[in-house]
Amino acid sequence: MAQLRARPARLLTASVWGSGALLGVILIQFVTGWGTQLQAGMINDLAYLPVTLLTAALGLRMILKDGLDRRERRAWMLLEVSFVCQVVAHAVALTQHFLPGLPPYPSVSDYLYTAAIPFVFAGVLMLPVARRSGVEHLKLLIDSLIVVAGACMALWYLEIGPLMQTPGADPMLIVFSTAVPVLDLLLVFALITLLLQRPQAGAAVGLLSGAVALKVVADSTYTIAYVQFGVAFRPGDWPFVLWAASAFLMLLAVHRRLRQDSLTQGERQGRGRLGWLPYGAVVLACGLLAFVARQQAVYPLGGMVFGAIVLTALVIARQMFAQRENRRLAVTDPLTGLSNRALIGERLAELTRQPLRDDRHGAVLLIDLDRFKPINDAYGHEAGDAVLKAVATALRAVIRSGDTAGRLGGDEFAVVLPALPSREAAESIAQRLVDALRTPVIFGDLVLGVEASIGVAFRDETTTDIEQLIAHADAAMYAVKRTGRGRYRVYTPELDTNARDAELRRAVEKDELVVHFQPVVDLADGGPMAVEALVRWNHPTRGLLMPGAFIDLAEETGAVIPIGEWVLRDACRQAAGWRAGNPGAEGVRLSVNLSPRQVMQAGLVDTIRGILAETGFPADRLVLELTESVILQPDEQTVARLTALREMGIGISVDDFGTGYAALSYLRALPVSVLKIDRSFVTGIDTDPDAYAVAEALVRLAQAYRLHVVAEGIESAGQARCLIDMGCGFGQGYYFARPMPGADLAALLASRRTTRTAVTAA
Ligand code: C2E
Ligand code: MG
Ligand code: MG
């Protein structure tokens with residue numbers, strides 16, 4: 001099927017180039033000077049026929065092409081009229097060679113050639129363009145008119161003026177001869193408009209522009225040579241080669257457009273490299289003026305012309321300065337004077353386009369200020385602005401020329417380093433920035449301290465677009481934010497949230513997670529009354545990872561849901577095993593942490609019921625640990641779910657109690673059974689009376705709510721003793737036992753001696 005479709009396409013391409021080759025005859029004529037004038041004329045028109053016919057046929061197909069923009073279809077209709085005019089004109093010219101005597105100028109074919117021009121003009125102008133504002137349209141119009149005015153001056157001096165002054169000429173002849181250069185001026189206008197608004201246009205537009213440009217050049221050289229030097233070019237002379245080339249380019253343009261999906265490829269707003277065109281036209285016009293005026297006396301016209309040229313040059317210079325200033329304003333952040341987001345975007349685009357080289361490295365640094373918001377909130381925007389300006393000064397001091405530092409908005413900055421000798425150079429710049437930004441900012445009598453978290457990403461094979469580069473720097477920056485702030489970090493694939501999320505989910509599937517258990521003991525006798533299940537990740541390359549290294553991310557991405565379910569199932573399965581093998585362990589409860597996301601899940605109760613049924617672990621021995629953030633904002637469904645679990649006999653415990661802002665009223669409203677006092681309240685109770693008093697208050701509070709109290713993080717006998725004195729029933733901590741694999745815990749339960757001796761000895 002594809003082959004069948006490919007064959008006509010190849011045939012068409014072959015005929016396009018074949019007809020182009022026929023036009024080559026005109027080139028051969030020009031090079032060899034072969035044939036009489038009549039023969040040359042006949043061959044000339046004969047060679048044109050296939051090209052123009054094919055162009056008209058393809059133009060027709062273009063009009064009928066599916067999915068064409070309405071405007072563009074109309075444009076091709078207008079161009080098609082011009083193609084048909086060309087076909088007829090050449091056919092007529094060919095037959096004229098067979099008639100006796102040469103027809104007088106202008107002949108029918110001359111009229112037809114000329115009639116084609118307005119359709120080309122209208123067709124080119126009709127080609128669809130990107131949406132522009134009214135001001136942009138006006139600017140484009142002025143630029144095009146500047147070029148046309150320049151061309152007008154040249155044509156006036158070289159063609160139209162002398163034509164009109166030809167003594168004794170037939171007025172009709174003058175009118176017709178002037179019509180061609182005037183119509184060509186229209187083509188210049190259309191061409192410039194096309195070029196200025198489509199600097200990034202596709203090949204079809206390029207070919208079309210080339211065709212129009214060649215025609216204008218051929219027309220004007222033909223007329224100028226005749227008017228200025230009395231030279232009448234004949235078929236086989238070089239303007240005829242240009243016309244032939246123009247016709248061929250037009251054919252290629254239509255053919256190309258037929259194969260292209262859209263008229264423009266990667267079209268971008270702006271002038272691109274053709275912005276100089278209007279200036280070029282002014283320079284040309286001034287040069288011409290100076291040339292014409294060179295024979296004038298200095299007074300009055302010579303001096304005036306010179307003055308006008310100087311004035312024009314000065315106005316252009318002024319405009320260029322204004323333009324540069326506008327550009328500066330458009331790409332500068334007004335508060336800090338650094339580059340703004342737009343310029344940083346441009347620099348990043350350049351960076352992603354630059355070829356990779358071993359001796360040149362490109363990097364981007366994303367900088368986010370830590371503790372900026374509190375400064376803004378507490379001391380007002382002026383203080384915030386002072387900090388941002390100080391950051392800008394620090395950035396400027398650290399970067400080198402060629403680097404770009406910019407503010408992306410708020411307290412976010414970026415530095416683009418396009419040409420570093422090594423990757424280490426980027427790291428040393430990042431470190432210098434971290435140090436520089438640590439310097440406190442003096443504002444009035446305030447000393448404002450900020451720090452910056454910096455993410456560094458390098459341009460490499462994987463970063464082919466801006467979004468990717470920024471995403472990498474962002475991932476590195478957020479990794480800094482998560483793990484301590486005030487540092488820099490270079491992007492590595494592990495930092496990528498998406499990649500890490502996928503890796504985490506895979507870890508569940510590939511059984512890389514393990515559950516360790518830590519006993520919770522009865523403080524009175526040290527006997528284990530519960531065990532807490534704590535997850536670890538047996539990472540294939542990074543070794544055994546503690547939950548601190550991945551739980552927050554899992555919570556953020558949602559991977560904590562499958563992880564949590566896995567932990568619950570595995571813990572219940574293992575615990576059911578100990579119970580079966582050790583009747584003494586039957587009373588021991590199993591505590592499992594539930595993440596806020598899990599608690600929010602509608603199917604939570606069913607999932608837990610399913611796991612209990614599947615593992616055979618009794619509901620009344622299970623305790624679920626929730627963090628205070630869940631307790632703080634319990635919606636109706638959460639309360640309903642927790643109540644359902646409680647009704648099944650499952651205990652609910654508040655973990656890390658005291659670290660959040662748990663509203664105490666909820667402790668009464670929620671079906672909570674255990675409070676776990678956070679480790680931070682246990683630290684120091686044996687040495688610091690204040691710490692003791694606070695911990696004691698928490699224990700009393702739990703008792704007032706008739707909840708069991710477990711103290712977390714007991715590391716010494718002294719702490720355990722104090723907690724017993726306060727009336728705290730249970731404890732957990734390294735002093736009794738560290739978290740351990742299930743097999744070790746089973747052995748410990750079997751011996752049942754745990755740390756009783758240690759506690760009683762204390
Ligand atoms: P947590 O639930 O408060 O667990 C107690 C943490 O304190 C554990 O850290 C434990 O090893 C540690 N710890 C116990 N005794 C002491 C001590 O005497 N001194 C010190 N310094 N630390 C002690 P781990 O295993 O690193 O777990 C950290 C946190 O990760 C847990 O805090 C819990 O919030 C979370 N986590 C652990 N496993 C899971 C899980 O399966 N699901 C969810 N959602 N979170 C989990
Ligand atoms: Mg816990
Ligand atoms: Mg805890």
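Both counts, for ligands and for their atoms, begin at 1 and track the order of listing.
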I need the Asp655 CG to Leu594 CG distance, nearest 0.5 Å. 10.5 Å

Shell check on the Mg ion (ligand 3): protein N, O or S atoms less than 2.8 Å away are Asp655 OD1, Asp656 OD1, Glu712 OE1, Glu712 OE2

Which atom pair, heavy atoms only, marks the closest approach of Ala533 to Val567? CB-CG1, 4.5 Å

Nearest heavy-atom neighbours spanning Met726 and Arg700: O-NH1, 3.2 Å

Mark yes or no for whether Gln703, through its side chain, and Gly727, through its backbone, hold a donor-acceptor pair below 3.5 Å. yes

Would you check if the Mg ion (ligand 2) lies under 2.8 Å from any N, O or S atom of Ser653? no

With a 6.0 Å cut-off on the ring centroids, do Phe517 and Trp578 count as close? yes

If you count only heavy atoms, which residues are under 4.0 Å from ligand 1? Gln518, Glu532, Leu534, Val535, Arg536, Pro547, Val567, Asn593, Ser595, Glu625, Asp655, Asp656, Arg679, Glu712, Gly713, Ile714, Glu715, Gly733, Tyr734, Pro739

Hey, mind stepping through Lys481 and Asp368 against salt bridge (Lys or Arg N to Asp or Glu O under 4.0 Å) and telling me if it holds? CA-CA 9 Å; Lys481 292 244 176 229; Asp368 194 272; 2.7 Å; yes

Could you identify the N, O or S atom of Glu532 positioned closest to the Mg ion (ligand 2)? OE2

Given the rule in the side-chain contact (heavy atoms from CB on, under 4.5 Å) test, do Leu745 and Gln574 qualify, once you have shown the distances and angles that lead to the verdict? CA-CA 10 Å; Leu745 193 98; Gln574 292 200 46; over 6 Å; no

Is the side chain of Arg459 donor-acceptor paired with the backbone N or O of Thr352 at a distance under 3.5 Å, no angle test? yes

Over all atoms of both residues, closest heavy-atom pair of Phe550 and Arg536: CZ-C, 4.1 Å

Please state whether the rings of Tyr491 and His472 are parallel, tilted or perpendicular, taking 30° and 60° as the class boundaries. parallel

